[in-house]
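Each chain gets a letter, A, B and so on, in the order its sequence line appears, and its residues count up from 1.
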Amino acid sequence: MNIFALFHERIAAILAGFGESGRLPIALEPARFVVEPPRDAAHGDLATNAAMVFAREAKASFGSPRQLAIEIAAALTALDGVDQAEVAGPGFINIRVKPEVLAVVLRAALIDPAGFAKPSAREGASAAPAPVNVEYVSANPTGPMHVGHGRGAVFGDALASLLAFVGHPVTREYYINDAGAQVDTLAHSAFLRYREALGETIGEFPEGSYPGDYLVPVGASLADIYGDRLKDKAEDEWLPIVRAAAIAAMMAMIRDDLAALDIRHDVFFSERSLPHGPEGDAVAAAIADLRGRGLVYQGTLPPPKGKPGEDWEAREQTLFRSTDFGDDVDRPLRKSDGSYTYFAADIAYHRVKIDRGARDLIDVMGADHGGYVKRMQAAVRALSGGEASLDVKLCQLVQLVRDGEPVKMSKRSGSFVTLREVVDEVGADAVRFIMLHRKNDAPLEFDLARVVEQTRDNPVFYVQYAHARAASVRGKALAAFPDLDVSPAALAEADMTLLADAGELGLVRELAQFPRIVEQAARAHEPHRIAFYLYDLASLFHAQWTRGKDQPQLRFINEEHRETTCVRLALVSAIGGVIAAGLGILGVSAPSEMR
RNA sequence: GCACCCGUAGCUCAGCUGGAUAGAGCGCUGCCCUCCGAAGGCAGAGGCCAGGGGUUCGAAUCCCUUCGGGUGCGCCA
């Protein structure tokens with residue numbers, strides 16, 4: 001029930017009508033104009049720039065954009081639900097709808113807040129929303145997740161929910177980098193813990209290994225299972241065993257950390273599981289695929305400029321022609337020793353995703369992967385023959401602070417602040433909301449002290465409290481009118497014309513924006529817009545509530561006027577419902593009371 | 001050297017894919033409330049949207065460029 005979309009269609013129809021009578025070109029692209037809330041509420045309920053956008057096309061028949069605007073406005077005025085449509089400035093059209101339109105919006109939001117926000121299936125819609133694959137987290141299985149991983153995790157999870165909410169079939173996916181040198185290093189560190197568990201004194205861990213004590217249980221468990229039988233085996237015998245045990249333990253830990261944030265994936269895809277070997281090599285097949293498209297060749301890359309490359313020497317490699325797709329240089333698929341690069345494996349993996357049917361691929365990664373974006377997009381386009389596209393969402397760093405003071409993080413000592421510690425301290429809701437309350441490509445400051453405060457500076461609390469307050473008002477109403485039916489269906493019968501106060505009408509207008517915000521957030525892949533919207537809505541709601549302090553006639557519950565109470569309860573319930581629906585998309589709970 | 005991201009109020013950040021007088025929260029100033037519905041309300045000051053060019057009816061938004069910050073740059077994953 002998106003009234004902005006509704007009026008967009010109506011105006012498009014009016015323009016098409018002008019097209020039929022030969023006064024405008026037939027095939028005007030409706031996406032060029034917008035219908036949006038006016039900056040100033042005094043201007044009306046909706047505004048459109050349609051007349052100005054099509055000024056050039058209208059010049060012959062209408063002269064000025066203003067004249068086109070006048071005629072569009074005249075046609076709008078004749079439509080159902082339109083109170084007035086007037087032209088302002090150079091050609092804006094401000095539309096004011098009749099009260100019954102706002103009543104319809106309010107009822108829709110009240111009866112089914114989530115359904116209200118979903119895009120309505122249009123008649124003759126071209127196609128169902130495309131299948132989307134969202135890959136997120138993908139932290140290497142070499143230790144506990146830290147806070148930066150958490151941001152990507154929460155972001156990817158909320159984005160996946162958002163896309164599912166608006167109708168896309170969504171696959172949530174985790175790529176386990178379990179095939180590189182890092183996991184061998186992990187295995188060596190675990191082996192040291194194993195020997196330790198057998199009673200050896202290990203002392204200092206070697207440079208570049210994983211000294212964190214999260215490997216201690218892995219060593220102990222290996223000692224339990226194998227006794228000392230691994231200790232004297234050759235490395236190529238114990239390594240696969242220890243590696244598998246260590247990776248399994250790390251992934252169990254990571255999944256546990258994710259579960260604490262209520263983050264789940266449909267697919268955990270192991271890099272090691274990509275078929276390899278003579279009987280079927282997925283990476284080789286992917287390279288052959290690209291080669292068949294004429295995009296692979298043997299060549300030598302120029303040395304990187306500006307970086308003093310002492311040890312650089314020209315070597316011939318197998319290269320992917322990513323420059324055909326806008327990359328800066330072609331990228332190697334095989335190292336000089338003939339083994340595959342990580343990029344080659346990643347190409348094979350994305351090929352799997354495309355083969356499974358995904359057309360919109362999204363990778364959520366840390367900002368340090370920025371240099372990787374172009375080549376991966378090139379690969380996806382090449383592999384799919386242009387059918388699929390990849391959007392890469394880079395999440396910037398998280399700076400943990402407490403009361404404004406930076407929290408020390410030292411990876412070297414192994415005592416970095418883990419995601420789990422933060423979740424345990426402030427709760428999953430706070431972590432999720434704060435991480436979604438910022439654009440993904442902007443750095444995030446996370447104040448551990450602030451997010452547990454019960455004040456307006458704490459957006460988590462402020463929004464959740466609005467929901468709790470809505471629930472509380474409903475309870476209070478039952479105390480005043482014990483026989484009142486406060487179910488949404490019953491409240492929807494209330495006389496909506498009794499909503500007359502400017503603050504109340506402002507709230508209805510704010511509710512009307514929810515579907516639009518959801519749609520835009522989904523299209524832009526920016527869940528933070530929902531968080532900001534919820535904060536604005538909560539803010540207006542709290543303000544209206546507070547007005548009742550000084551002006552008792554504005555209180556939601558009026559013991560003298562049952563009908564007024566009903567309609568205000570309808571408003572309050574709709575607000576509560578929309579906040580719950582919005583928080584639901586973000587994966588944040590909507591409590592009925594704050595403690 | 002090149003590529004990508006960022007630069008908006010004192011601080012932290014929004015700004016709806018080009019619209020009307022650039023917004024919010026903190027902080028600051030001044031009133032109100034602080035028993036009557038649960039952790040406050042109202043108002044004000046504060047901006048060359050980093051600088052400069054361009055595109056057009058119209059630019060914080062798009063393009064070019066300069067400056068400043070971050071990230072990355074074959075045989076790491």
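Comparing U12(B), G41(B), U17(B) against the side chain of Thr546(A) picks out G41(B) as the nearest. Nearest nucleotide to the side chain of Met52(A), out of A20(B), A77(B), G19(B): G19(B). Comparing atom distances between the Asp441(A) side chain and each of G74(B), C5(B), A38(B) picks out C5(B) as nearest. The side chain of Ala47(A) has A20(B) as its nearest neighbour among G15(B), A14(B), A20(B). Of the candidate nucleotides A20(B), G72(B), G74(B), G72(B) has the atom nearest to the side chain of Asp368(A). Listed nucleotides: G74(B), A20(B), A38(B). Nearest to the side chain of Ser472(A): A38(B). Listed candidates were C75(B), A20(B), G74(B). Nearest to the side chain of Ser336(A) is C75(B).
For Asn458(A) and A39(B), a side-chain-to-base donor-acceptor distance below 3.5 Å is absent, hydrogens and geometry of angles not being considered. Evaluation of atom-type donor-acceptor distances gives a pair under 3.5 Å for the side chain of Asn49(A) against the base of G19(B). No donor-acceptor contact under 3.5 Å links the side chain of Arg529(A) to the base of C16(B). Between the side chain of Arg516(A) and the base of C16(B), a donor-acceptor pair under 3.5 Å is found.
Not one side-chain nitrogen or oxygen of Lys374(A) sits closer than 4.0 Å to the OP1 or OP2 atom of C5(B). A sub-4.0 Å separation between OP1 or OP2 of C5(B) and a side-chain N or O of Lys439(A) is absent. Proximity of Tyr535(A) to the phosphate of G25(B): no side-chain N or O atom is located under 4.0 Å from OP1 or OP2. Neither OP1 nor OP2 of C6(B) sits under 4.0 Å from any side-chain N or O of Gln396(A). Within the structure, a side-chain polar atom (N or O) of Arg469(A) is placed less than 4.0 Å from OP1 or OP2 of A39(B).
Distance check on atom C1': U29(B) versus U66(B) gives 39 Å, rounded to whole Å. Nucleotides U65(B) and A24(B), compared at atom C1', are 33 Å apart to the nearest Å. Comparing the P positions of G27(B) and C42(B) gives a spacing of 15 Å, expressed to the nearest Å. A distance of about 23 Å separates the C1' atoms of G1(B) and C76(B), rounded to the whole Å. A gap of 41 Å separates the C1' atoms of U17(B) and C75(B), to the nearest Å. Comparing the same atom, P, in C57(B) and in G70(B) gives a spacing of 41 Å after rounding to whole Å. Nucleotides G30(B) and C4(B) place their C1' atoms 48 Å apart, quoted to the nearest Å. Here the separation of G46(B) from C35(B), taken at their P atoms, is 35 Å to the nearest Å.
Each of Phe343(A) and Val373(A) has a nearest nucleotide on RNA chain B; the 5'-most of these lies closest to Val373(A). A residue-by-residue look at His43(A) and Ala367(A) shows that His43(A) has its nearest nucleotide of RNA chain B further toward the 5' end.
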Identify each donor-acceptor pair in which a side-chain atom of residues 551-560 of chain A lies under 3.5 Å from a protein atom, sequence neighbours left out, and give them as a table.
from, atom 1, to, atom 2, distance (Å)
Arg555(A), NE, Gly548(A), O, 2.8
Asn558(A), OD1, Glu560(A), N, 3.0
Asn558(A), OD1, His561(A), N, 3.4

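Residue Ala468(A) is out of contact with every strand shown, counting any heavy-atom pair closer than 4.0 Å. Residue contacts for Val34(A): at a heavy-atom cut-off of 4.0 Å it reaches no nucleic acid atom on any strand shown. Using a 4.0 Å heavy-atom criterion, one finds that Ala314(A) contacts the bases of the nucleic acid, with or without backbone contacts as well. Within the nucleic acid shown, Pro443(A) comes within 4.0 Å of sugar-phosphate atoms alone, with no base atom in reach, counting heavy atoms only. Counting any heavy atom pair closer than 4.0 Å across all strands shown, Ala88(A) reaches a base atom. Across all strands shown, Gln454(A) has heavy atoms under 4.0 Å from base atoms, whether or not it also approaches the sugar-phosphate. Among the atoms of the strands shown, base atoms are found under 4.0 Å from some heavy atom of Asn94(A). Across all strands, Ala55(A) comes closer than 4.0 Å to no nucleic acid atom at all (heavy-atom distances).
Look at CG on Asp447(A): it is 13 Å from C1' on C11(B), rounded to the nearest Å. When the P atom of U12(B) is taken as reference, atom CD of Glu453(A) falls 18 Å away, rounded to whole Å. In this structure, CG of Asp391(A) is placed 14 Å from C1' of U17(B), rounded to the nearest angstrom. In this structure, CG of Leu274(A) is placed 14 Å from P of A77(B), rounded to the nearest angstrom. Remark: P of G72(B) and CD of Gln377(A) are 19 Å apart, rounded to the nearest angstrom. The nearest whole Å value for the distance from the CG atom in Asp536(A) to the P atom in A14(B) is 13 Å. The separation between His528(A) atom NE2 and G25(B) atom P is 18 Å, rounded to whole Å. Going from atom CD of Glu36(A) over to atom P of G15(B) covers 14 Å, rounded to whole Å.
Under the Watson-Crick or G-U wobble criterion, with both distances below 3.5 Å, A20(B) is left unpaired in every strand shown. Using the Watson-Crick or G-U wobble rule with both distances under 3.5 Å, G1(B) pairs with C73(B). Using Watson-Crick or G-U wobble geometry with both donor-acceptor distances under 3.5 Å, C33(B) finds no partner in any strand shown. Base pairing analysis places C67(B) opposite G7(B); the two distances defining the Watson-Crick or G-U wobble pair are each below 3.5 Å.
At least one cation-pi condition fails for Lys393(A) and Phe155(A): the charged atom is not both under 6.0 angstrom from the six-membered ring centre and inside a 45 degree cone around its axis.
Here Asp447(A) does not pair with Arg402(A) in a salt bridge; the nearest charged N to carboxylate O distance is not below 4.0 Å. Salt-bridge check for Arg334(A) with Glu316(A): failed, with every basic side-chain N at 4.0 Å or more from each acidic carboxylate O.
Ring-base stacking between Phe92(A) and A20(B) is satisfied, the centre separation being under 5.5 Å and the plane angle under 30°. By the stacking rule of 5.5 Å between ring centres and under 30° between planes, His369(A) does not stack on the base of G72(B).
For the pair Gln377(A) and Leu390(A), the tightest heavy-atom approach, listed with the atom from each and the gap, is NE2-O, 3.0 Å. Residues Ala345(A) and Glu271(A) share a closest heavy-atom pair of CB-OE2, 3.5 Å.
Between Phe343(A) and Phe320(A), the ring planes lie tilted relative to each other; the angle falls in the 30° to 60° range. Aromatic ring pairs are classed by plane angle as parallel below 30°, tilted from 30° to 60° and perpendicular above 60°; the pair Tyr342(A) and Tyr372(A) is tilted. Classified by interplanar angle (parallel below 30°, tilted 30° to 60°, perpendicular above 60°), the ring pair Phe461(A)/Tyr465(A) is parallel.
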- Item | salt bridge (Lys or Arg N to Asp or Glu O under 4.0 Å) assessment of Glu135(A) paired with Lys353(A) | CA-CA 10 Å; Glu135(A) 180 201 327; Lys353(A) 293 200 272 193; 2.8 Å; yes
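Annotated as syn: U17(B), whose O4'-C1'-N torsion sits within 90° of 0.
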